[in-house]
There are 2 protein chains.
Amino acid sequence: MKTAQRPYLQKTPLRRVTQVDIANELGVAVSTVQRALANSPRISQKTKRKVFHLAEKYGYKPNFIANAFARRKTNMIGTILGKYAINHMEVFAAIEQEANHRGYNVLLSITDFDEQSEHQKVMQMIDHSVDGLIIASANPRWSTYKELVESGLPIVFVTPFVDIPFAPAITYDREYANRIATEHLISLGHKLIAFVDTDSICFTDQSRSIRGYFDSMEQAGLSIDEKYIYYVKPSPNVLPGENRLIIYENGLKAGEYLFSLNPRPTGIVVEGDALAAGLIGSARKFNIRIPEDVSIVSSKAGRLLSQLTPRVTGVKEPHFQMGRLLAKRVIDIIENADSPVEQMSILKGELIIRESTRRVEQRREKREERKKN
Amino acid sequence: MKTAQRPYLQKTPLRRVTQVDIANELGVAVSTVQRALANSPRISQKTKRKVFHLAEKYGYKPNFIANAFARRKTNMIGTILGKYAINHMEVFAAIEQEANHRGYNVLLSITDFDEQSEHQKVMQMIDHSVDGLIIASANPRWSTYKELVESGLPIVFVTPFVDIPFAPAITYDREYANRIATEHLISLGHKLIAFVDTDSICFTDQSRSIRGYFDSMEQAGLSIDEKYIYYVKPSPNVLPGENRLIIYENGLKAGEYLFSLNPRPTGIVVEGDALAAGLIGSARKFNIRIPEDVSIVSSKAGRLLSQLTPRVTGVKEPHFQMGRLLAKRVIDIIENADSPVEQMSILKGELIIRESTRRVEQRREKREERKKN
DNA sequence: CTGTTAGCGCCTTCAG
DNA sequence: CTGAAGGCGCTAACAG
C-alpha cells in the first residue's frame with residue numbers, strides 16, 4: 001500500500017497533479033493509473049472511469065518532460081532554415097501542421113546561411129534531443145552530416161542540389177520550372193527569349209537547371225544566343241533575411257544588361273520573385289512597358305509576384321507541399337527506422353499566368369525579324 | 001564506493017556518456033563530476049582537469065531533457081505567431097538570437113489567426129513546459145490569458161492594442177507612424193492627403209492611431225475631408241499567410257475609390273506593404289503615375305516596399321528591435337519573477353524615403369487650388 | 001574539497 | 001485485471 005512520497009509538495013504550490021496523486025487518492029497503483037490513462041484493455045471499465053474522472057477533476061496533464069525523459073524520445077523535430085528562407089515561411093507552417101498532426105512539435109532555428117552558424121544550430125538541436133532534423137542547407141558540411149545520418153539520426157534535407165548520396169532530400173525541380181516557363185513564352189509567340197539564372201557554388205545543378213530552357217528553345221526550333229543568358233553575381237552586402245543572389249538589386253542589374261541588348265528580348269525567364277521585381281524596376285527606367293514590350297515569367301515564384309505591378313506570371317514553388325513532405329519524411333524515418341525511404345523527391349511547380357506575359361505584338365515581331373534578316 | 005548500475009548499457013549502443021560514467025571511471029562521486037563540469041570553485045584543479053579530460057575524451061554532452069526534468073526548467077520559450085506574421089519573420093529571427101544569447105531556445109507555433117487555434121497552440125506550448133511565452137495575438141481570449149499570467153507563467157504580448165492591463169506587451173506606435181508619414185507629405189507641399197487605414201475589431205486603438213494624421217493636418221492648417229479617409233474592409237477569402245485586411249486586393253479597392261475622387265488626392269498615407277502595393281496596381285489602371293501624380297507613403301513598412309516599382313517610402317516597423325525586446329522581456333521575467341517589469345513598450349518606426357513620394361508639382365498644385373476656389 | 005542520498009514524473013518489466 | 005519495483009540522467013540538500 002505504500003506509494004511514493006511527495007515531500008516537496010507544499011514547496012511548489014503551482015504543481016500540476018501527477019499520476020501519483022491520482023493513484024494515491026484512488027488507493028491504487030501508479031501503473032494502474034497509467035494504464036487507465038493510456039486506455040489499456042487490461043484495465044476494468046470501472047477503474048478507468050474512476051481514473052478519468054479524477055484526472056478530469058484535477059486537470060491532469062501528462063508531464064511532457066518527464067515523459068520524454070523516461071521514453072528517451074522528445075517528439076520534437078528540429079528545423080534549420082537559412083535566413084533567406086524567411087520568405088518561405090509557408091514551408092515552416094506546413095511542417096508544423098503535419099508534425100502536430102502526427103503528435104510532434106517543431107523547434108525552429110534560423111541560421112546566418114553560413115556553414116558555421118548552421119553547424120552550431122544543428123548541434124544545439126541535437127543537444128536538445130530532437131528526434132529528427134529538417135535542414136535547409138545551402139552550404140552543407142557534408143562530412144559532418146554524413147556522420148550524423150550514419151549515427152542513426154533521422155535527417156531530411158531540402159536543397160538546391162540534386163544529389164545527396166547518403167540522406168533523403170527534397171528539392172524543387174528547377175529544370176522543369178525553366179521548361180514550362182520557357183514553353184509558356186514560346187506558346188505566346190516569343191522567339192527572342194532571355195534567361196536569367198543564379199550562378200553560385202550553392203547551385204551545382206545549375207547546368208542541369210538551364211537545360212529546361214535549352215530544350216524548350218531547341219524543340220521550338222529557336223536559336224540560342226549566349227548573350228541572352230545572364231548569370232546573377234552574388235551581391236556583397238545584403239540585409240538580414242536576404243541571400244546574396246536573389247535580390248532586387250541583382251534584378252536591376254540583369255535588366256540593365258538585357259534591356260540594352262539589340263535586338264531586345266521580347267521575353268525573359270527569371271529565377272525568383274526578387275529578381276523579377278528588379279527587372280520590373282529596371283524596365284521602368286528604360287521606359288519599357290511590361291508586358292507590352294517585354295514579357296516576364298518567374299521560374300521560382302513565391303508570394304511576392306502577385307503584389308507587383310504588373311502581377312507576374314510564374315511557376316509557383318510548392319512551399320506548402322514541401323513542408324508537409326519534409327515533416328512526413330522525418331517522422332516516417334523516426335517511427336520506422338528500417339522502412340525503405342525514397343531518397344530524393346523532386347517537386348514540380350505549377351504555372352500561374354498573370355499579367356506580365358502576353359502574346360508578342362505582330363508589329364514588334366515583324367520588326368525584330370526584319371532586323372535579323 | 002557503490003555507484004549507480006547501468007543494466008541497460010548494452011541495450012543502447014548509441015547511448016551518450018553520462019556524468020555517472022565519468023564518475024565511475026574516475027572512482028569519484030557523481031556530484032563531484034557535476035560540480036567539476038559546472039566549474040565550481042569547491043573542486044580542486046586536479047579533479048577538474050581529470051573530469052574535463054574524460055568528458056572531452058568521451059564527448060560528454062549534458063542531457064538536456066534530464067536536466068530540464070530535474071530542475072523543472074526547460075530553458076525554452078514558446079512563440080505564438082499568427083499566420084499573417086509570416087511576413088515578419090525578422091521578429092522571430094531576433095527573438096531567437098536574443099534567446100540563444102541568454103541560453104534559451106525557442107519553440108515556434110504558427111496559428112490560423114483565430115481564437116481557437118491560438119488557444120490550442122498556447123496550451124500545447126504549456127504542456128511542453130516552456131518557461132515563458134511570447135504571443136502575437138490579434139484575437140486574444142483575455143480571460144484565459146489573464147488566468148495564465150496570474151498563475152505565474154511569464155507571458156509577453158505583441159499586439160496592436162495599446163492597453164493590456166495585466167501583462168507586459170509590446171506594440172508598434174501607429175499614431176506616431178501616421179504622424180511622420182503625414183508630415184513627410186506635408187513637407188513636400190502636399191495639401192490634399194488621403195488616409196487609408198484598417199478597420200477591425202482587432203484594432204481597437206484605431207481611433208487613436210488616426211490621430212497622427214489628424215494632428216499633422218491640423219497643425220499644418222490643412223482641412224480634413226472625410227471622403228479622403230478610406231477604411232479597408234476585411235476580405236472574406238484569403239490565402240494562407242495573409243490576413244483579411246492588409247492584402248493587395250484591398251489596396252486595389254482603396255485605389256479605385258481614391259483615384260476616382262475629384263479633386264484627386266496628391267498624397268496618400270497607407271498602412272502596410274500590401275495595401276501600398278495594391279494602390280500602385282490600381283494607379284496603373286487609372287493611368288496615374290507615382291510619384292509624379294500621386295505620392296504614396298506607408299505607415300507600417302516591411303520588406304516588400306523596396307521591391308515595388310517605384311520603391312515605396314515608408315515608416316519602417318522595427319521588427320528586429322521588437323523581437324529582441326520581446327525575448328529580453330520574457331527572459332527577464334522568467335529569471336526574476338519579482339523584478340519590476342515595465343508594462344508596455346511602444347516602439348517607434350523610422351521614415352525611409354524612397355521613390356514613391358516627391359514634391360507636388362507647381363502646375364498640379366495650382367490647378368487643384370483653382371478647382372477648390 | 002568530496003561523498004551520500006533522495007527524489008523529479010513517467011514507463012516498463014516482472015510478478016502476482 | 002492489478003501491484004511493486006527499478007531506472008531514465010541530473011540536481012540539490014545535507015553530511016562530512
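Order of the sequence lines fixes the chain letters, A, B, ..., with proteins taken first and strands second; residue numbering starts at 1 for each chain. Heavy-atom basis, side chains included; hydrogens, waters and symmetry copies ignored.
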Practice task
To the nearest Å, give me how far apart CZ (A:Arg71) and C1' (C:dT13) are.
Solution key: 17 Å
Exercise for the section: Mind telling me whether B:Phe69 and A:Phe69 have parallel, tilted or perpendicular rings, with 30° and 60° as the class edges? Expected result: tilted
Problem - Gap between atoms CD1 and P, on A:Ile22 and D:dG3 respectively (whole Å) - result: 14 Å
Exercise for the section: To the nearest 10°, let me know how far the axis at one end of the helix from C:dC1-D:dG16 to C:dG16-D:dC1 is tilted from the axis at the other, five pairs an end. Expected result: 40°
Completion exercise
Exactly one of B:Glu96, B:Glu90, B:Glu98 clears salt bridge (Lys or Arg N to Asp or Glu O under 4.0 Å) with B:Arg324, and that residue is B:Glu98
Handout entry: Atom pair distance, as rounded to whole Å: CZ in A:Phe64 and C1' in C:dC10
Key = 13 Å
Problem - Separation of C:dC1 P from B:Ile43 CD1 (nearest whole Å) - result: 9 Å
Exercise for the section: Return the set of residues passing salt bridge (charged side-chain N to carboxylate O under 4.0 Å, His left out) with A:Arg35 (not counting sequence neighbours), or none when no residue passes. Expected result: none
Exercise for the section: Measure from CG on A:Asn67 to P on C:dC11 and round the result to the nearest Å. Expected result: 4 Å
Practice task
Find the distance between CD (B:Gln19) and CG (B:Leu26) and round it off to the nearest 0.5 Å.
Solution key: 12.5 Å
Problem - Verify stack between B:Phe69 ring and D:dC8 base, 5.5 Å, 30 degrees - result: no
Exercise for the section: Indicate, yes or no, whether a donor-acceptor pair under 3.5 Å links the base of D:dG7 to the side chain of A:Arg72. Expected result: no
Practice task
Check the distance between C:dG9's P and A:Asp21's CG and give it to me in whole angstrom.
Solution key: 8 Å
Problem - Donor-acceptor pair present, B:Ser31 side chain and C:dG3 base, under 3.5 Å - result: yes
Problem - Close side-chain approach of B:Ile334 to B:Ile77, heavy-atom, < 4.5 Å - result: yes
Exercise for the section: Could you list all the salt bridge (charged side-chain N to carboxylate O under 4.0 Å, His left out) pairs where at least one residue sits in residues 59-70 of chain A, not counting sequence neighbours? Expected result: A:Lys61-B:Asp127
Problem - Test: B:Asp131 and B:Arg71 ion pair at under 4.0 Å - result: no
Exercise for the section: Determine: side-chain N/O of B:Ser44 to OP1/OP2 of C:dT2, distance under 4.0 Å, yes or no. Expected result: yes
Fill in the blank from the handout: On DNA chain D, more 5' by nearest nucleotide between B:Arg35 and B:Pro62 is B:Pro62
Exercise for the section: Could you tell me the separation between the CD atom of A:Gln45 and the C1' atom of D:dT2, rounded to a whole number of Å? Expected result: 15 Å
Fill in the blank from the handout: Comparing B:Ala70 with A:Gln34, nearest DNA chain C nucleotide closer to 5' gives the residue B:Ala70
Fill in the blank from the handout: Here the distance between atom P of C:dG7 and atom CG of A:Asn63, to the nearest Å, is 18 Å
